[in-house]
Amino acid sequence: MTTQVPASASVEGGRRSGTSGTGEPAFPLAALLALATAVFITSLTETLPAGVLPAMSSSLGVSESAMGQSVTIYAVGTFLTAIPLAAATATWPRKRLLLTSMVVFVVANTVTALSPDYTLTLVARFVAGVAAGLAWATLSGYARRMVAVPLQGKAMAIAMAGIPVALSLGVPAGTFVGRVLGWGAAFLAMSVLAVLVIVWILATVPDYPGQQERRSPILRALSVPGVSPVLFVTLVFVLAHTILYAYVATFLADLGMGRSTDLVLLVFGVASLVSIWFVGAQVHRRLRVMMVACTLLVAVAAAALATLSHVTALVYVAAALWGLGWGGVPTLLQTAVGDAGGDQADAAQVMLVTLWNVAMAGGGVVGGVLLDLLGPSSLPWSILLLMAPVLIVVLAARGHGFPATRRT
């Protein structure tokens, strides 16, 4: 969720990736899948505690709301470092930057897996968040540089597919592994995967130079019409999602469905995959319509969880609606802020990453407070409340941000 690059760089990147038999630039699927796996690692490392929260809290001797701050501290590490790291590493070769972040993930997840102490666990989670800030300083722009302009949306959708795959397969699998082998085994598996993706990146991902010139101040992007509405929607939408997702295991346990957490998350994640596939195919033509649809789907899911969660079958239906609404949101918001940003797209993308992680951190804190004060049943109500301003801003940003007609 970071930078956009000039069209010329994208065409050049497409040519470097090789050519097909017709002389056209070959589509770099293997390299894009390596980036998607790197995205998967950053996303799953962030959200894995949601599936094993009760086990982690019991093992480390803290409350579940305190353990939920392991999601918060990860996001804090990312949002505190995304902008300064993007500036400090702007001239680094892109491949070196990506590989460095993956090495840090290996170390941080291994320490998390083996840690017997809550404080040490939080330190490791913070370092993992810093690694995510380092990764997001290059991932989105990297995908766009590999292909010609008409294929940039497709390339970014493939790279960003790591997010819903982490939710659809990673978290349920991690939850299952945590229940069978212990939560530490799930984090160790993440370290092994990071080692494998390092090898994959070395073998398939092309290198690109960093920036050669000084960029304008990042906050200047706020003055560009359309950027602020997209950033507002990012902040509030992700906050709403995280409030429940960070504590979904606790919420389900309160319903007597604690042993079904992995299945509920699987339903949510499969629906997310369907969403990102559809959004990736349609984002070029129907960004505004799909953003409205995603907002309404999440709102309906929250209403169902708030009022009908006593019916087990409807919990699964709500999880599917939630996934359909959430899965395509990263692609939609990145595309929207890139379009709105224009010449300031680089800065706008970095701000989006920062606010995304501010929202993740805020969701962990707010969800923990709601859990302690009002109980698990309050979590879906908070989502429903927050979706109202999101919908209002999306509908209002018809001219810029979420336009009825996209510029081509």
Please table the atom pairs, donor to acceptor, closer than 3.5 Å between any side-chain atom in residues 26-40 and protein atoms at least two apart or in another chain.
| unit_1 | atom_1 | unit_2 | atom_2 | d |
| --- | --- | --- | --- | --- |
| Thr37 | OG1 | Leu33 | O | 2.8 |

Between [X] (side chain) and [Y] (backbone), is there a donor-acceptor pair under 3.5 Å?
| X | Y | answer |
| --- | --- | --- |
| Ser63 | Ala66 | yes |
| Thr242 | Gly363 | no |
| Thr175 | Asp262 | no |
| Arg288 | Pro403 | no |
| Thr204 | Ile201 | no |
| Ser57 | Leu53 | yes |
| Lys95 | Pro206 | no |
| Arg125 | Leu120 | no |
| Thr45 | Thr42 | no |
| Ser191 | Thr110 | yes |

Supply the atom-to-atom distance [X] [atom1] to [Y] [atom2], rounded to the nearest 0.5 angstrom.
| X | Y | atom1 | atom2 | value |
| --- | --- | --- | --- | --- |
| Ser101 | Phe105 | OG | CZ | 6.5 Å |
| Leu239 | Thr234 | CG | OG1 | 12.0 Å |
| Thr261 | Phe176 | OG1 | CZ | 13.5 Å |

Within-4.5 Å side-chain heavy-atom neighbours: [X] and [Y]:
| X | Y | answer |
| --- | --- | --- |
| Tyr118 | Met56 | no |
| Phe232 | Leu355 | no |
| Met67 | Tyr247 | no |
| Trp326 | Leu297 | no |

(Q) Ring centroids only, cut at 6.0 angstrom: are Tyr74 and Phe126 within range, meaning strictly under it? (A)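 No; Phe126 has its ring centre 6.0 Å or more from that of Tyr74.
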
Q | Steps toward side-chain contact (heavy atoms from CB on, under 4.5 Å) verdict (Leu252, Ser260) | A | CA-CA 8 Å; Leu252 292 172; Ser260 300; over 6 Å; no

Q.
Would you say Thr121 and Ser115 are linked by a side-chain donor-acceptor pair, where the criterion is simply a distance under 3.5 Å?
A.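 Yes, because at least one side-chain N or O of Ser115 sits under 3.5 Å from a partner of the opposite role on Thr121.
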
**Q.** His241 and Phe268 aromatic ring geometry - parallel, tilted or perpendicular at 30°/60° bounds
**A.**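 Ring orientation of Phe268 relative to His241: parallel.
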
Output a table of donor-acceptor pairs, distance under 3.5 Å, between side-chain atoms of residues 366-391 and any protein atom two or more places apart or on a different chain; print 'none' if there are none.
| unit_1 | atom_1 | unit_2 | atom_2 | d |
| --- | --- | --- | --- | --- |
| Asp372 | OD1 | Ser65 | OG | 3.2 |
| Asp372 | OD2 | Ser65 | OG | 3.1 |
| Ser378 | OG | Gly375 | O | 2.8 |
| Ser382 | OG | Leu379 | O | 2.5 |

